[in-house]
Amino acid sequence: GVDIAGLNSLFSLLRFICIYPAYLNNKKTIAEGRRIPIDKAVENPTSTEIQDVCAAVGFNVLLEKNKMYPREWNRDVQYRGRVRIQLKQDDGNPCLPQFPTRKSVMLYAAETIPKLKTRTQKMGGGDQSLQQGEGGKKGKGKKKK
C-alpha cells in the first residue's frame with residue numbers, strides 16, 4: 001500500500017518555499033546568497049525574525065532552526081535557521097493573494113523586519129528618532145535654519 005498521508009505531506013511541502021536569512025541580508029553580495037536589491041535588504045536578519053513577520057501576516061510558517069544556508073561560512077547560531085513558508089495552496093493558488101511569488105514574500109519580510117519591536121528597542125534612542133524622522137523632521141529642521 002502507498003502511504004497516502006505521507007505522499008500528501010510531501011506534496012504539500014512542495015508548496016512551501018525556503019527562505020534563508022542570507023537572502024535578505026544587506027551585508028551579503030549576490031554571490032553570497034542575497035536575492036533582493038541591497039537597498040531593500042536588511043542588516044543580518046535572523047530566521048526567527050523572518051518567521052515572526054511572515055506568521056504575523058497570516059502565512060503557514062515552519063522554522064527549521066538547525067538548517068544552514070550552504071554558502072554561509074559563519075556557523076554562528078544567529079546565522080542558522082531556515083524558514084519554510086507555505087506560498088501556495090494544494091490547488092496551486094497563492095495562500096495569500098498579496099504574495100503570489102517568493103520574491104514578494106522576501107521583499108515583504110525585508111521591509112518589515114526593521115520595524116519589529118525587537119529591532120527598534122535594541123537601538124539607542126538616537127537611532128530611533130533618526131528613523132522616525134526619515135525625510136520629514138530632518139528636512140524641516142534644515143529649512144528653518
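All residue numbers in this chain count up from 1 along the given sequence. Small disclaimer: the values here were computed from a predicted structure and weren't measured.
- With sequence neighbours excluded, no residue forms a side chain to side chain donor-acceptor pair (under 3.5 Å) with N74.
- None of T101, I50, I19 except one satisfies the side chain to side chain contact (heavy atoms under 4.5 Å, CB included) rule with M106; the exception is I19.
- Using a 4.5 Å heavy-atom threshold, the side chains of E43 and N26 count as touching.
- Using a 4.0 Å cut-off between charged nitrogen and carboxylate oxygen, E72 and K28 count as a salt-bridge pair.
- Here the closest heavy-atom approach between residue P114 and residue R119 is recorded as O-CB, 3.6 Å.
- Minimum heavy-atom separation, L107 to P37: CD2-CD, 4.2 Å.
- Note that CD of E64 is 5.5 Å distant from CZ of R84, once rounded to the nearest 0.5 Å.
- Side-chain contact between Q51 and K65: absent, with no pair of heavy atoms (C-beta onward) separated by less than 4.5 Å.
- Summarising the geometry of V83 relative to S47, their closest heavy-atom pair is CG2-O, 3.3 Å, with the distance given to 0.1 Å.
- Side-chain contact check for T112 versus C54: every heavy-atom pair is 4.5 Å or farther apart.
- Here the closest non-hydrogen pair linking Y20 and R82 is OH-NH1, 3.0 Å.
- Of all non-hydrogen atoms in P100 and K88, the two that sit nearest each other are O-CE, 4.4 Å.
- A salt bridge does not link R71 with E32: every distance from a Lys NZ or Arg NE/NH1/NH2 to an Asp or Glu carboxylate oxygen is 4.0 Å or more.
- Taking the six-membered ring where tryptophan is involved, the planes of F59 and F99 are tilted, since the angle between them lies from 30° to 60°.
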